[in-house]
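Data block below; observations after.
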Amino acid sequence: MSERWDAAPENEPARPEPVDPEQPSEGGEPEPTAAIGTEDVLDAEPAQPVAAEPPLGGKRARRSPWNRTRDRVLVAVIVVVVAVTGVVIGVNSDNAATVAQVAATLPPDLPLAPAAVPGSLTELWQAPSSATPVPIGEANSVVTADNGEVLGRDPLTGTVRWRYSRDLELCTVALAGIKVDAVYRKDTGCSEVTQLDTGTGRRTAQRNGDAELGTQLVVDGSHVTTTGKKLLNTWRDDLVKSMEYGEVPAVVQPNKQPRTGCTYGTVAAASGKIGVIERCPGDPADRFTVYRASNDEADEPKVDYSTVLAGKNAKLVAMSGDLALLVLPEQKLLVIYGGDGMQKSAYPLDVPAADLAKDPTGGIMTTSWTAQGVYWFTGSKTMAFSRDDLTPRWTLSNSVGPGVTFGDQLVVPIQGGLAVLDELTGTTIRTVGVDRHGYTGPVRLSSVGPVLLEQRGPTLAALK
C-alpha cells in the first residue's frame, strides 16, 4: 500500500515532499534520505550518542557485586582457605600415610622342592614377622609382616621385592588362597583390611570391618572368617561381607541372630560352613554350633545345627566336609560330630591338663593340613588325624608344632630340629638338626619351592 502525504494544516508550514533516493540532487549527489514518517528538523541540536538497548527485556543490568576490591580480596581468601584445607586433609588422610610399592615384574620361578628332606638345613635369612601366626610362602614369594609393614621377599635371599605399609598397628596377616589379607587396627578394633597379590604386592581389594582386637583369620576355600569373643565376621575372597554372627554393631533389624549374650571360644571352617564353641547364658555346658558362611541376608545366619555338649571348656580342633573334631577336656575325650549334629564316635585323649586349660590365642587351635592328614599341636604333643574322616592315627610326644609336607615327606618341628616321619604310621625316618639360636618355643612350618619356612614366635626364618 502506498503512502499519501496530506497538505499541511492552515498556518503551519508545508511538509517537504519526499525525496526519491535514486534522484540526484542539484549538486549531482544523492541527498540523504530521512526516515519515512519522521520529522526532519532543521537547526536541531547535535545528535547525542544512543544508549545500547538494555538487556533482559528492557531492564538495565545491575553492576556485579564482585567488582569491588574488597570482594576480590574475599574471594582470594576463600580460595586460599579451601586449598589449605585440602592440603591438610590430604596430609592427614589414610592414603597419605600409606606406602604401596609393587614389584615391577612377577617373581622368577623357583627350583622344585627336594623329593626327600635334606640331611642338613642351613638358615638362609631371617626377618621380623610378628603379625603372621603361620609363615606365608606363595607365588614364589615369602611374605613377612611387622610394625605396620607387609613385605614380599625373595625366598632364597630375603630381599624385599614389594612393600605395603601404613601408620597403623597390624592385627594379623594370613594367606587366603593366593592372596594375602592384612588386617590393621584402627580406633578400638581391627577394622581396616587390605588384600594384596602375593607375587607383586598389588592391592586387589580393601574393606572396613568390625573384627575384635586379638582376631585371627580362619580361611576356608572362598571365605575368610575373623575370630572374636562376641562377633564373627565372614568375607568372600573379594572381601565382600557374607555373614555376621553374634553381637552385630549396627543392627538393622532385631532378632535375626539365633542367640544373644553368648561368648565364643574356638572357631574352625570347612566346605562353606563355620563351626564355633559358644558359652551362652542358661546353657548347662558349652554349645557347638555350625552355620553357613553366607545367606541371603548377611546379618541373618543360617544355622545347620546347634547342640549343647557334655561338658565345659570344649575346643573345636578342626572341620572337614560335614565332620567336626572336638575336644572335651573334662571327659578327656576326642569326639567327632556328623553333619546332622549327632556324635558319631569318641576316642580317649591323653594330654596334660595344662595343654587344654584355656582357649588358644585368637580362638584357633594350632593345626596344619596336608593332602592326607590333619595335625594338631596340643602344646606338648602332635596328634595326627585322617583328613577324610578325622579319625586319630598317631601321636608324637615332645614336639613343638604341627607338621607339614616338605617335598614328599612329612616334617614335624621338635626341640633342636625336625623329625621326618612316615605320614601314615608316624614312624620316625630320621631327624635333622636346626640351629634356632636359643629359641625354644612353638614353631610353625610352611614351604615354598626348596625353602622351608619356620615361624619362631615373632621371627620368620628361611632354611635350605
Side-chain angles (χ1 to χ4, degrees), residues 90 93-115 118 121-168 170-184 192-207 217 219 221-222 224 235-240 404-408 444-456 458-464:
S93 68
D94 288 342
N95 285 338
T98 299
V99 175
Q101 299 172 348
V102 301
T105 60
L106 290 173
D109 292 337
L110 288 171
L112 297 176
L121 292 169
T122 301
E123 185 173 295
L124 300 174
W125 54 272
Q126 64 172 241
S129 190
S130 59
T132 54
V134 180
I136 299 174
E138 175 64 32
N140 299 331
S141 296
V142 173
V143 177
T144 60
D146 190 77
N147 196 29
E149 191 171 54
V150 185
L151 303 174
R153 298 177 180 270
D154 184 292
L156 296 171
T157 65
T159 302
V160 175
R161 302 187 65 257
W162 57 260
R163 180 189 313 270
Y164 181 84
S165 67
R166 301 184 64 177
D167 63 342
L168 299 175
L170 275 166
C171 295
T172 190
V173 178
L175 181 66
I178 59 173
K179 306 290 175 56
V180 172
D181 289 347
V183 184
Y184 284 89
E192 304 288 312
V193 189
T194 299
Q195 186 182 83
L196 303 168
D197 180 83
T198 314
T200 64
R202 180 177 59 88
R203 279 179 287 190
T204 54
Q206 285 185 299
R207 72 160 295 112
L217 302 181
V219 180
S222 59
V224 177
W235 314 315
R236 297 187 325 216
D237 54 6
D238 56 1
L239 296 189
V240 173
V404 298
T405 301
F406 184 46
D408 296 329
R444 301 297 299 271
L445 300 178
S446 183
S447 66
V448 55
V451 179
L452 182 69
L453 303 172
E454 287 196 348
Q455 184 80 40
R456 306 167 186 166
T459 302
L460 185 136
L463 312 172
K464 184 177 183 295

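Both backbone and side-chain heavy atoms feed into the values below; hydrogens, waters and symmetry mates do not.
Here the straight-line distance linking atom CG of L170 with atom OG of S165 works out to 9.5 Å at 0.5 Å rounding. Separation of atoms CD (E149) and CG (L168) is listed at 13.0 Å; rounding is to 0.5 Å. The distance from the CG atom of D237 to the CH2 atom of W235 is 12.5 Å, given to the nearest 0.5 Å. One distance of note links OG of S130 with CD of Q455; it measures 8.5 Å at 0.5 Å rounding. The structure places CG of D181 at 11.0 Å from CZ of R207, a figure rounded to the nearest 0.5 Å.
W125 places none of its side-chain heavy atoms less than 4.5 Å from the side chain of L463. In this structure, the side chains of D197 and W162 stay at 4.5 Å or more apart for every pair of heavy atoms. Side-chain contact check for V219 versus L175: every heavy-atom pair is 4.5 Å or farther apart. With a 4.5 Å cut-off on side-chain heavy atoms, T204 and L196 do not count as touching.
Of all heavy-atom pairs spanning D154 and T157, the tightest one is OD1-N, 3.2 Å. In terms of heavy atoms, P450 sits closest to L110 at CD-CB, 4.2 Å. Counting all heavy atoms, side chain and backbone alike, S447 lies closest to F406 at CB-CD1, 3.8 Å. For G199 against P107, the heavy-atom pair with the smallest separation is O-CD, 3.5 Å.
Residues satisfying the side chain to side chain donor-acceptor pair (under 3.5 Å) test with T405, not counting sequence neighbours, are none. Here Q101 pairs with R163 under the side chain to side chain donor-acceptor pair (under 3.5 Å) rule; sequence neighbours left out. With sequence neighbours left out, the side-chain contact (heavy atoms from CB on, under 4.5 Å) criterion links A461 to E123, Q126, R456. The side-chain contact (heavy atoms from CB on, under 4.5 Å) check on A139 picks up T198, with sequence neighbours excluded. Not counting sequence neighbours, the partners of P128 by the side-chain contact (heavy atoms from CB on, under 4.5 Å) test are D146. D238 meets the salt bridge (charged side-chain N to carboxylate O under 4.0 Å, His left out) test with R236; sequence neighbours excluded. The side chain to side chain donor-acceptor pair (under 3.5 Å) test applied to R153 returns T144, not counting sequence neighbours. When the side-chain contact (heavy atoms from CB on, under 4.5 Å) test is applied to V451, the partners found at least two apart in sequence or on another chain are L124, P155, L156, V448, L453, A462. Not counting sequence neighbours, R161 has no partner by the salt bridge (charged side-chain N to carboxylate O under 4.0 Å, His left out) test. By the side chain to side chain donor-acceptor pair (under 3.5 Å) test, S446 pairs with no residue at all, sequence neighbours left out.
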Mind running side-chain contact (heavy atoms from CB on, under 4.5 Å) on V180 and Y164 for me, showing each step along the way? CA-CA 11 Å; V180 172; Y164 181 84; over 6 Å; no
Criterion side-chain contact (heavy atoms from CB on, under 4.5 Å) on V143 and T132, from CA distance to verdict: CA-CA 9 Å; V143 177; T132 54; 5.6 Å; no
After noting the C-alpha distance and the side-chain angles of V173 and V183, does the key distance pass the side-chain contact (heavy atoms from CB on, under 4.5 Å) rule? CA-CA 6 Å; V173 178; V183 184; over 6 Å; no
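T194 and Y184 share no donor-acceptor pair across their side chains, judged by distance under 3.5 Å alone.
Here salt bridge (charged side-chain N to carboxylate O under 4.0 Å, His left out) pairs that include residues 129-142, with residues two or more places apart or in two chains, number zero.
A donor-acceptor contact shorter than 3.5 Å links the side chain of S129 to the backbone of A145.
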